[in-house]
Amino acid sequence: MITQELTIYNTLQKNKEKFISLIPEHAGLYVCGPTVYGEPHLGHARPAITFDLVFRYLKHIGYKVRYVRNITDVGHLENDADEGEDKIAKKARLDQLEPMEVAQFYIDSYHKAMDKLNVLRPSIEPRASGHIIEQIEMVQQILDKGFAYISNGSVYFDVPKFDQEFGYGKLSGRVLEDMISNTRELDGQDEKRNAADFALWKKASPEHIMRWNSPWSIGFPGWHIECTAMSTKYLGEHFDIHGGGMDLIFPHHESEVCQSTVANGKESVKYWMHNNMITINGQKMGKSLGNFITLNQFFNGDHAMLERSYNAMNIRFFIMQAHYRGTLDFSNEALIAAEKGMLKLNAADKLIEKLPASNNSSENISEWVKRCYEAMNDDLNTPKLIAELFDASRIINSVKDGHLQLTASDIDLLKENFRLFYYDILGMVPDTAAVQGEDVTEKLMDLILEIRQDAKTNKNWGVADMIRNKLTDAGIVVKDTKEGAEWERKN
RNA sequence: GGUCUCUUGGCCGAGCGGCUAGGCACCGGUCUGCAAAACCGUCUACUCCAGUUCGAAUCUGGAAGAGACCUCCA
């Protein structure tokens, strides 16, 4: 049973819409995954986390979800390379490795980083190189229907013809005539009949390492066709959600609309969702700008722009503190502020266990739960949800201090839902460092705090402060409360 | 230049016509041997101009600034 009414922003309609799945209680989700020719960086984290939230929330509210996220491991050209050269092939030559070895290395690297960020693995993670046959078949379908042409061994999609029949630019808002009139004439690009046409299949030049046989030439598939072929294969000709970064709207997703409309005879995607981009200190992240920071550099603090290291949950929390459709700017200051907030919530979670129950509740916890759901139902408003969690934190701390009261059942309700939203839905990881097992540590800490308490009782402030300061240096924060001293690990 | 998006207090960031967002920082208070934590309170806002409205951060028009995409490729 579907328990919540979710509303999501559909790029196709430029509006928020109720999410109604094509098949009741089932949801199909396709997201453009990484191009594996380099270390995973911040730009990979945002879409992965955004759609991880979609995946988690759809499952939570009762959908059986098939989540497909592809890996692009064929046919990439360097942005700044003069001659067209496959990104993976180029890297392979430099490193003296097989192209697939390079791809595998970065796939592993990507997975490790995503695991740290607690991004759930998709249901299916298809690789473009493993679906060459499906792509060739789809190109053939488009040719058979007359919306593509062969030119010098390559196959191009006929955009003007598509525009006449179906209307081009639904997703990105591009107008074909404007595009044509704004296009600069480039030498040596006259294989295409029209500048707006895009490649379905490219004939490989001699130095191009990654190549496959096809009816038209030895070559490789055009970029856009892989997503259409793989989404059709695993989710069907019509599916619910297609996601990706806003930078992919044009030309990638617009081209996918063209391809699926022709090949499948209808538009495939019901809801298009796009996450916004990430900037660093207000600037676009780019290798040439010197602000290109990989995820591992964040985790290690190993980059000139980073004042210190930031753990994966800190990054995840920070990303979720902004709405996915807004730009997000990274800075040391903002990251540290996010960490403090996160630690506050972690501390509140631990306190829930120790709350005293009253006969009456001064707070309406059911209403609070409702507000949490409303935030998520409103196009995944995670900043709002996090604000509600901070409100819960205030309630928890106040109940502990005796300023507010909750009944035993309200405490349970609060505990259950705080953890549901914080851990299961937002995907934060419990602060295990101080909680998990570690009996010896627990006993040692009890002993140390006991000694310190003795010193305090004897007004031996020097010893008491020394213990506290040394523990602080060791990354352990001591909190003196009315019930005695408590401790927790920092980071 | 074209298309689109955005511009909220010291920083991050919700808000979608009237009601405190929230976090971080700062300041004051409670607590404490001192501190930290916690709680309470205070202070800084809606880029600018014009319009619609009883009422606008929120709608409309204009200006300025920022960003994304706009050849090939992914």
Side-chain angles (χ1 to χ4, degrees), chain A residues 11 14 16 32 34-37 72-88 128 169 172-175 178-179 181-189 192 195-196 198-199 202 220-224 226 245-252 254 274 276-277 279 282-284 317-318 321-323 325-345 347-348 351 375 378 381-391 393-394 396-398 400-404 456 459-461 464-465 468-469 472 477-482 485-486 488:
Chain A
T11 309
K14 293 190 188 300
K16 288 185 198 173
C32 291
T35 300
V36 283
Y37 68 96
T72 299
D73 59 351
V74 299
H76 318 286
L77 295 169
E78 288 284 4
N79 278 324
D80 42 7
D82 289 335
E83 75 278 34
E85 187 174 18
D86 187 304
K87 276 177 183 168
I88 289 174
S172 63
R174 305 285 154 136
V175 177
D178 294 351
M179 280 175 60
S181 60
N182 283 326
T183 303
R184 284 175 286 157
E185 240 1 277
L186 286 182
D187 294 336
Q189 300 292 343
K192 296 200 289 187
F198 57 88
K202 289 279 279 185
F220 54 94
W223 170 38
H224 317 300
E226 65 172 84
M246 276 185 184
D247 54 333
L248 297 178
I249 292 174
F250 185 87
H252 184 49
E254 193 68 75
H274 292 97
N276 212 319
M277 309 313 288
T279 55
Q283 274 193 309
K284 184 190 175 185
F317 190 78
F318 180 72
Q321 243 185 334
H323 187 84
R325 281 192 288 112
T327 53
L328 177 63
D329 189 48
F330 268 78
S331 64
N332 285 286
E333 194 183 3
L335 227 33
I336 290 167
E339 181 187 51
K340 288 191 180 165
M342 176 181 83
L343 292 173
K344 194 170 175 175
L345 292 183
L351 268 185
D378 182 16
N381 194 334
T382 52
K384 184 78 174 25
L385 173 59
I386 289 172
E388 296 298 347
L389 293 179
F390 279 117
D391 200 41
S393 154
R394 198 202 84 243
I396 290 165
N397 285 317
S398 294
K400 201 219 168 202
D401 287 355
H403 300 138
L404 297 176
K456 284 176 70 177
K459 297 198 191 300
N460 191 345
W461 310 127
D465 288 352
R468 187 175 65 200
N469 292 337
T472 305
V477 179
V478 177
K479 299 179 183 178
D480 288 326
T481 71
K482 281 174 188 161
E486 291 172 4
E488 68 183 25

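Proteins come first, then strands; the chains are lettered A, B, ... in the order of their sequence lines, and each starts at number 1.
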Do [X] side-chain and [N] base share a donor-acceptor contact under 3.5 Å?
X      : N     : value
A/D480 : B/A35 : yes
A/R468 : B/A36 : no
A/D465 : B/G33 : yes

**Report entry** Proximity to the side chain of A/K340 - top-ranked nucleotide from B/C70, B/A14, B/C24
**Finding:**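 Closest nucleotide among those given: B/C24.
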Query raised in the report: Do A/K384 and A/D378 have side-chain heavy atoms sitting under 4.5 Å apart?
Result: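 Of all side-chain heavy-atom pairs linking A/D378 with A/K384, none is under 4.5 Å.
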Is [X] near enough to [N] that one of its side-chain N or O atoms lies under 4.0 angstrom from OP1 or OP2?
X      : N     : value
A/R394 : B/C40 : yes
A/K202 : B/C73 : yes
A/N381 : B/A14 : no
A/K400 : B/C39 : no

Query raised in the report: Closest nucleotide of RNA chain B for A/E388 versus for A/G326: which of these residues is on the 5' side?
Result: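 The answer here is A/G326.
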Query - Nearest-nucleotide 5' precedence on RNA chain B, A/F390 against A/A322 - result: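 Going by which nucleotide is closer to the 5' end, it is A/A322.
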Requested in this report: Evaluate the ring planes of A/H252 and A/W223, with Trp represented by its six-membered ring, and classify them as parallel (under 30°), tilted (30 to 60°) or perpendicular (over 60°).
Outcome: parallel
Query raised in the report: Taking CD from A/E333 and P from B/A25, how many angstroms apart are they, rounded to a whole number?
Result: 10 Å
**Report entry** P-based separation of B/G62 from B/C27 [nearest Å]
**Finding:**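 Roughly 46 Å separates the two P atoms.
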Query - Distance, C1' atom - from B/A63 to B/C69, rounded to whole angstrom - result: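 These two C1' atoms come out 24 Å apart once rounded.
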